[in-house]
Amino acid sequence: QVQLVESGGGYVQPGGSLRLSCAASGSIFSITQLGWYRQASGKQRELVVNISSSGATKYADLVKGRFTIRRDIGDNTLFLQMSDLKPEDTAAYYCNLGVVAHTKSGGYRYFDVWGQGILVTVSS
């Protein structure tokens, strides 16, 4: 089973920086897409940044120029580097991977895998 464990959230002051990590475990044959989403209190989950199967990276307009996605292939870890944080960035952040992985029967199939969510609070 493929699992994602997030870390790195917490409290930061406006204008500060924070890095979120998403560590993947399990047998992954390939990754079809990956990214980060967030959900503020009382709102729907929204895209932060996504890397498509074609390799194209798309950032939400509200975070463009401030957030950067990075993948460490050797450590199977996905990062979200956030800078110039604003109170509006306060939300639970979720990493997401679309993967092709082994099934228990020995075959392969696509899985949409999510991290547990981690809180980021931007406040003075």
Side-chain angles (χ1 to χ4, degrees):
Q1 182 179 5
V2 178
Q3 294 183 328
L4 304 178
V5 179
E6 300 179 44
S7 62
Y11 286 82
V12 294
Q13 293 185 337
S17 299
L18 197 66
R19 187 180 73 168
L20 304 182
S21 299
C22 175
S25 63
S27 181
I28 300 174
F29 180 75
S30 65
I31 298 175
T32 60
Q33 69 89 27
L34 50 83
W36 291 89
Y37 294 76
R38 68 186 183 186
Q39 186 170 14
S41 179
K43 297 183 178 180
Q44 294 185 341
R45 189 173 300 182
E46 64 181 16
L47 171 72
V48 176
V49 58
N50 175 262
I51 301 176
S52 70
S53 59
S54 67
T57 303
K58 180 182 179 181
Y59 290 90
D61 289 340
L62 291 174
V63 307
K64 192 175 300 182
R66 299 187 297 115
F67 290 12
T68 303
I69 188 171
R70 183 174 67 85
R71 177 187 175 188
D72 189 323
I73 299 176
D75 291 336
N76 278 338
T77 304
L78 183 68
F79 300 97
L80 181 66
Q81 179 65 52
M82 304 180 291
S83 62
D84 192 24
L85 284 162
K86 306 176 184 296
E88 305 89 83
D89 296 318
T90 297
Y93 284 72
Y94 299 83
C95 60
N96 171 245
L97 268 69
V99 305
V100 175
H102 291 282
T103 65
K104 293 183 178 180
S105 62
Y108 299 88
R109 61 158 289 184
Y110 174 83
F111 295 89
D112 190 24
V113 188
W114 292 86
Q116 81 278 13
I118 190 164
L119 290 174
V120 172
T121 302
V122 184
S123 176
S124 60

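None of these values were measured; they are calculated from a predicted model.
In this structure, the side chain of Glu6 engages the main chain of Cys95 through a donor-acceptor pair within 3.5 Å.
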Below 3.5 Å, can you tabulate the donor-acceptor pairs from side chains in residues 68-81 to any protein atom, sequence neighbours excluded?
| unit_1 | atom_1 | unit_2 | atom_2 | d |
| --- | --- | --- | --- | --- |
| Asp72 | OD1 | Gly74 | N | 3.2 |
| Asp72 | OD1 | Asp75 | N | 3.1 |
| Thr77 | OG1 | Asp75 | O | 3.0 |

May I have the list of side-chain donor-acceptor pairs in residues 10-28 shorter than 3.5 Å, sequence neighbours left out?
none

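Pairs passing the disulfide bond (SG atoms under 2.5 Å apart) check and including a residue from residues 40-73, sequence neighbours excluded, do not occur.
Under the 4.5 Å side-chain criterion, counting only non-hydrogen atoms from C-beta, Asp89 is in contact with Arg38. Side-chain contact between Trp114 and Arg45: present, with at least one pair of heavy atoms (C-beta onward) separated by less than 4.5 Å.
Scanning all heavy atoms of the two residues, the minimum distance from Ile51 to Thr57 falls at CG1-OG1, 3.6 Å. Shortest non-hydrogen contact noted between Val63 and Val48 is CG2-O, 3.5 Å.
Electrostatic pairing of Asp61 and Lys64 counts as a salt bridge here, judged by a charged N lying under 4.0 Å from a carboxylate O.
Side-chain contact annotation: Ser52 with Ser54, donor-acceptor N/O pair under 3.5 Å present.
Hydrophobic clustering of Ile, Leu, Val, Met, Phe, Trp and Tyr side chains at less than 4.5 Å, counting indirect connections, unites Val120 with Tyr59. Criterion: ILVMFWY side-chain heavy atoms under 4.5 Å apart, direct or through other members. Under it, Leu4 and Leu47 are not part of a common hydrophobic cluster. Taken together through direct or relayed side-chain contacts under 4.5 Å among Ile, Leu, Val, Met, Phe, Trp and Tyr, Tyr37 and Val49 form parts of separate hydrophobic clusters. Neither Leu85 nor Tyr94 shares a network with the other; the hydrophobic side chains, linked directly or stepwise wherever heavy atoms of I, L, V, M, F, W or Y lie under 4.5 Å apart, form separate groups for each. Linking ILVMFWY side-chain heavy atoms closer than 4.5 Å, directly or via other members, places Val122 and Ile118 in a single hydrophobic cluster.
Note: Tyr108 and Phe29 have tilted aromatic rings, judged against thresholds of 30 and 60 degrees for the angle between ring planes.
Atom CG of Asn50 sits about 7.0 Å away from atom CG of Leu34, to the nearest 0.5 Å.
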